[in-house]
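Structure first, then comments.
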Amino acid sequence: MPTSPDAAGRARTSAVQPIQMVDLKTQYEQMQEEVDGAVLDVIRSGAFINGPAVKDFQSGLQDFLRCKHVIPCANGTDALQIALMALGLKPGDEVIVPAFTYVASAEVIALLGLRPVMVDVDPFTFNVTAELIEPAITDRTKAIIPVHLFGQSCDMEPIVKLAQRHDLYIVEDNAQAIGAEYTFSDGRVARTGTLGDIGCTSFYPSKNLGAYGDGGAINTDDDALADRLRTVANHGQNRRYYHDVVGCNSRLDSVQAAILNCKLPRLEQYNDRRQAAARYYDEHLAGLPGLLPPARLPSSTHVYHQYTLRIDGDRRDALQQHLQAAGVPSMVYYPVPLYDQNAFRGTAANAIDFLPVTDTLCKEVISLPMHSELEEETLAYICAMVRSFFREV
Ligand SMILES: *Cc1c(COP(=O)(O)O)cnc(C)c1O
């Protein structure tokens, strides 16, 4: 018998599990002992900063990504900022970035006094392409930040060739696609994040590889770049109290590294589960008029950080309300093109103030629940609720 409102509330929520966009609790319960032990080990060791757990994670991630250097840092936004700082760009230098992405990708460019040049994306993969980037290149362009949005790799081979032709750096924003693979036309297969000069990723809790707080990492195969990245992330010093450049302080803490060490060996399995959920959605939402499933590039795997549909005819918000009334959460990533954000109004970044595909996507996209713990029963209910919207209207 519930004895207090609090107990009554708990009883109610445990009886009916609400559907969640992301379910971190169930994932934790499946490895609770291992995670608890790893966290306690760090606390008991007292090695909170740059402890052995951080070094283990660094080498584990190098193996996973099949790259030479990983520099762990405090979050994914820092990873992007440190990458741009290590490239030694000058104020006014231009960096090409998609207008349809999370703000972090463009924010760091502006923060460093560089100029974000926003470009449109492909309407089906939601990603930038070489064709869309090329017209934006000027003699001030120094770098491109392709974003592997929602877990789908950009078509990188033409982008790499374009960057080589124009002598541009590629900094991949791999925050949403860790574990995805891209196949080049010569058959070479590589992880996203290792396709350009520097890869940046985030361990924000809801990312495919999430910590229980903030975390991030930078990776590169270039020894000299790796040295500069390490220096910048560590107050510009190689030797303690001797500072060669103005850097920042960005570290992955040992507790987060210990948690990530438990989860990294499970990442492939987590991504497999996401792909299975995506296949279920693809199959059970096929053929609904004006509803477009997310495209998958034949040359890459998709790790479905998000499962993002497009719905035409100004019906997106109505679909979202319909789902909400049925207890199905959904999200709009992203509702506003970056060039329309107040932060960029009246700045050089706002020189481009309309891109047709980005504009349409912001009005049409909707992301369904996606995580590694989705059961078929839940997926069936979500799909039935999406389909019922099309019967009603
Ligand atoms: C999450 C994310 C980031 C930033 O990561 P944080 O760890 O939250 O700073 C950057 N870019 C993209 C595309 C992201 O999804």
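Because the structure is a prediction, the values reported are computed rather than measured. Both counts, for ligands and for their atoms, begin at 1 and track the order of listing.
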(message) Using the salt bridge (Lys or Arg N to Asp or Glu O under 4.0 Å) definition, which of the options D222, D221, D223 pairs with K68?
(response) D223
(message) Test your reading of the structure: does D214 have an N or O sitting under 3.5 Å from an N or O of ligand 1?
(response) no
(request) Just say parallel, tilted or perpendicular for the rings of F150 and Y333, cut-offs at 30° and 60°. (result) tilted
(request) Using a strict cut-off of less than 4.0 Å between a Lys/Arg side-chain nitrogen and an Asp/Glu carboxylate oxygen, indicate whether D63 and R66 qualify as a salt bridge. (result) no
(request) Specify the protein heavy atom at minimum distance from atom 14 (C) of ligand 1: its residue, its atom name, and the distance to 0.1 Å. (result) K207 NZ, 3.2 Å
(request) Go through ligand 1 atom by atom and flag the ones less than 4.0 Å from a non-hydrogen atom of N75. (result) 7 (O), 9 (O)
(message) Check this for me: does any side-chain nitrogen of one of R279 and E283 sit under 4.0 Å from a carboxylate oxygen of the other?
(response) no
(message) Under 4.0 Å, heavy-atom basis, I'd like to know which part of T77 is in contact with ligand 1: side chain, backbone, both or neither.
(response) both
(message) Distance under 4.0 Å to a non-hydrogen atom of Q176: what atoms of ligand 1 satisfy this?
(response) 13 (C), 14 (C), 15 (O)
(message) Can you confirm if the aromatic rings of F203 and F57 lie within a centre distance of less than 6.0 Å?
(response) yes
(message) Could you check whether D282 and Y307, counting side-chain N and O atoms only, form a donor-acceptor pair closer than 3.5 Å?
(response) yes
(message) Could you identify the single nearest non-hydrogen protein atom to atom 11 (N) of ligand 1 and state the distance to 0.1 Å?
(response) D173 OD2, 2.8 Å
(request) Please determine if L80 has a nitrogen or oxygen closer than 3.5 Å to a nitrogen or oxygen of ligand 1. (result) no
(message) Within the 4.0 Å heavy-atom shell around A175, which atoms of ligand 1 are there?
(response) 2 (C), 3 (C), 10 (C), 11 (N), 12 (C), 14 (C), 15 (O)
